[in-house]
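The next block holds one structure in the form of structure tokens; read it before the comments.
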Amino acid sequence: MSGGLRIGVVGVGYVGLTTAVCLAGRDHDVVAVDIDEAKIARLSAGVPIIDEADLPDLLTRTIAAGRLTFRTDYEALADRDVVFVCVSTPSGPDGAADLRALDAAVTRLTQVLRAGAVVTIKSTVPVGTTRRVAKRLRAYGIGAVSSPEFLREGRAIADFTHPDRVVVGADSDTDAALVCAAYGADPATVLHMSPESAELAKYASNAFLAVKLSYTNSLAQLCRRYGGDIGDVTACMGADARIGPSFLQPGPGWGGSCLPKDTAALVFSAQAQGVAMAEVEAARTTNVAQPARIEAALRQSMTCPLRDARITVLGLTFKAATSDTRDSPALAVCAHLAAEGAALYGYDPRLPAIDATVLSSAGVTAVDDPYRAAKSADAVVVLTEWPQFRDLDWAAIAEHAPGAVVADTRNLLDPTTVEAAGLRYLGNGRADGY
Ligand code: UGA
């Protein structure tokens, strides 16, 4: 081992794999454990398993340098100084976080770790979880810290290596110092707090982003009614340093593996404390209403009934720069339109990496070329903000789909180009849009 620490990571999903690779890149000795044998075999062979910029190179380099190993046995963690727990905490039907994977991991860690080691929970967990886990670990002389992760998919490595803030929720200064040493974080970015505050800060951040996005979509709806333009309204709002320009882009709704799950868990856990969290609940309600807004816009503007319509959807992932379709708003829109009887043909730049069964269950027939997907379409709906959609040959699309309506849920396209091609353009919250 070099001058670094002996670090363990449990769970090699998005957060765990990014953590393992980035910490190994900082000259620590990292052992990452997961119960999924197939995943571990692929990672050991240097296959990145997630679609993330800069990950393949860092993975290969750190494995080759002998600083990163992948294992299925917890015994490989026996000599670790710090172990980051990054297992998934999915939400159940009532919104409550499912902590079975976390609790099972903690049990295994009590069996192998030495006294003095520190378990750091990076999974998003309900407030109070770290303290509960700490009680169990204390009996073995093991410390517990809460350090939630704020990385975004598609920018995971950059977000991990250059974070806005590093949250360390710990009662013990020694444990906190060890975790800070593992991160090698700039002290100016580290926010020290209690485990409860750290856990809540994570939910609070994601829920605030969700509220901001739903508010923007509601304003877009209002712009349409008043004849305003959402781009102008958000430009004004975003120029105010107190508000900031990010997360003010309207869309087909927000999704992904975190915002829907975390807002549900926050509302559920707050209710148990007798707190309504009405803002977050309203943001969720607004979000599930977005597909119906798009449906109404298509019904009003297409020349044929929705049940006879052939609709091309551009973009299937939950946002650009990822192949992830978990809780994708694009697929929610597709499923909604398919339930109304429309025939859907979908293209996405990452189509080869998308599971075909996910698409078929949303009623989408995948087509690996945007122009072929547009053939004979009554409407083309832009659902994911892939920049390359802007550069499509809209005249060629018009040739394939004469007279089609183009519903641009992300306001990505240049309306003039689309209209010059002879297509009807509908922006989200724009004049003559929806
Ligand atoms: C989100 C948070 O942004 C991260 O900080 C957090 O660490 C992560 O969840 C997590 O908890 O692990 P992510 O799920 O990768 O990250 O996605 P975002 O970039 O937040 O996008 C969420 C959704 O909002 C997407 O569907 C996106 O298309 C949509 N969105 C985003 C908009 O519709 N408009 C915008 O202006 C921005």
Side-chain angles (χ1 to χ4, degrees), residues 11 13-19 50-53 86-91 97 122-125 147-160 162-167 198-220 230-231 233-235 237-238 243-266 283-284 286-288 290-291 293-294 315-333 348 382-387 389 408-412 428-429:
Y14 240 100
V15 171
L17 182 55
T18 304
T19 303
I50 56 171
D51 187 5
E52 194 60 54
C86 310
V87 295
S88 58
T89 52
S91 58
K122 276 190 98 55
S123 304
T124 303
V125 291
S147 183
E149 183 51 58
F150 297 95
L151 59 80
R152 290 162 291 179
E153 286 190 27
R155 310 183 44 130
I157 303 287
D159 281 349
F160 191 95
H162 298 96
D164 291 338
R165 74 293 207 196
V166 171
V167 170
E199 290 164 338
L200 185 56
K202 167 69 189 198
Y203 283 113
S205 298
N206 274 0
F208 190 77
L209 294 174
V211 168
K212 218 174 167 187
L213 292 172
S214 279
Y215 182 58
T216 303
N217 272 334
S218 290
L219 285 173
I230 189 66
V233 172
T234 55
M237 290 164 63
I243 299 173
S246 58
F247 278 68
L248 290 179
Q249 192 61 36
W254 38 268
S257 63
C258 302
L259 266 48
K261 157 181 89 73
D262 293 352
T263 49
L266 181 60
R284 289 176 56 79
T286 299
N287 202 43
V288 294
Q290 295 310 306
R293 264 188 78 207
I294 297 162
L316 301 162
T317 55
F318 85 94
K319 64 175 184 179
T322 178
S323 53
D324 199 340
T325 54
R326 284 178 291 175
D327 252 314
S328 169
L331 295 183
V333 171
D348 189 284
V382 177
L383 291 170
T384 310
E385 74 282 23
W386 288 106
F389 293 159
D408 183 6
T409 69
R410 303 268 188 178
N411 291 348
L412 178 78
N428 185 353

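Numbers for residues simply follow the sequence, beginning at 1. Remember, it's 1-based here, ligands and their atoms both numbered in the order they're listed. Because the structure is a prediction, the values reported are computed rather than measured.
Across Lys202, Lys319, Arg410, heavy-atom proximity to atom 13 (P) of ligand 1 is greatest for Lys319. Around atom 24 (O) of ligand 1, the closest heavy atom drawn from Asn428, Leu213, Thr234 belongs to Leu213.
Residue contact check: Leu248 has heavy atoms under 4.0 Å from atoms 36 (O) of ligand 1. Below 4.0 Å from some heavy atom of Cys258 lie the following atoms of ligand 1, by number and element: 8 (C), 9 (O), 10 (C), 11 (O), 12 (O). Taking every non-hydrogen atom of Leu259 and a distance limit under 4.0 Å, the qualifying atoms of ligand 1 come out as 1 (C), 9 (O), 22 (C). Within ligand 1, the atoms closer than 4.0 Å to a non-hydrogen atom of Glu149 are 7 (O), numbered from 1 in the order shown.
Atom 26 (O) of ligand 1 has as its closest protein heavy atom Phe318 O, 2.8 Å. At the shortest separation from atom 31 (C) of ligand 1 among protein heavy atoms lies Phe247 CE2, 3.6 Å.
For the residue pair Ser257 and Glu153, a side-chain donor N or O sits within less than 3.5 Å of a side-chain acceptor on the partner.
Note that the CG atom of Asp348 and the OG1 atom of Thr325 stand 9.0 Å from one another [nearest 0.5 Å]. In this structure, CG on Asp159 lies 8.5 Å from CD on Glu52, to the nearest 0.5 angstrom. In this structure, CH2 on Trp254 lies 9.5 Å from CG on Asn206, to the nearest 0.5 angstrom.
Formation of a donor-acceptor pair under 3.5 Å by the Ser123 side chain with backbone atoms of Val87 is found in this model. Distance alone, capped at 3.5 Å, is enough to place a donor-acceptor pair between the Arg410 side chain and the Leu383 backbone. Judged purely by atom type and a 3.5 angstrom limit, Asn411 uses its side chain to pair as donor or acceptor with the backbone of Asn428. In this structure, Thr263 contributes its side chain and Pro260 its backbone to a donor-acceptor pair below 3.5 Å. No side-chain donor-acceptor contact under 3.5 Å links Lys202 to the backbone of Val125.
For ligand 1, the polar-atom distance check against Gln249 finds a nitrogen or oxygen pair separated by under 3.5 Å. Polar contact check, Phe150 against ligand 1: a nitrogen or oxygen pair lies under 3.5 Å apart. Distances between N or O atoms of Trp254 and those of ligand 1 include no value under 3.5 Å. Where the criterion is an N or O separation shorter than 3.5 Å, residue side chain and backbone included, Gly255 meets it with respect to ligand 1. When only interatomic distances are considered, the shortest N/O to N/O separation between Glu153 and ligand 1 falls below 3.5 Å. Inclusion of Leu151 in the set of residues having an N or O under 3.5 Å from an N or O of ligand 1 is warranted. Checked against a 3.5 angstrom limit, the closest N/O atoms of Asn206 and ligand 1 fall inside it.
Contacts between Thr384 and ligand 1, counted as non-hydrogen atom pairs separated by less than 4.0 Å, are absent for every part of the residue.
Across Thr89 and Thr124, no two heavy atoms sit closer than the pair OG1-O, 2.7 Å.
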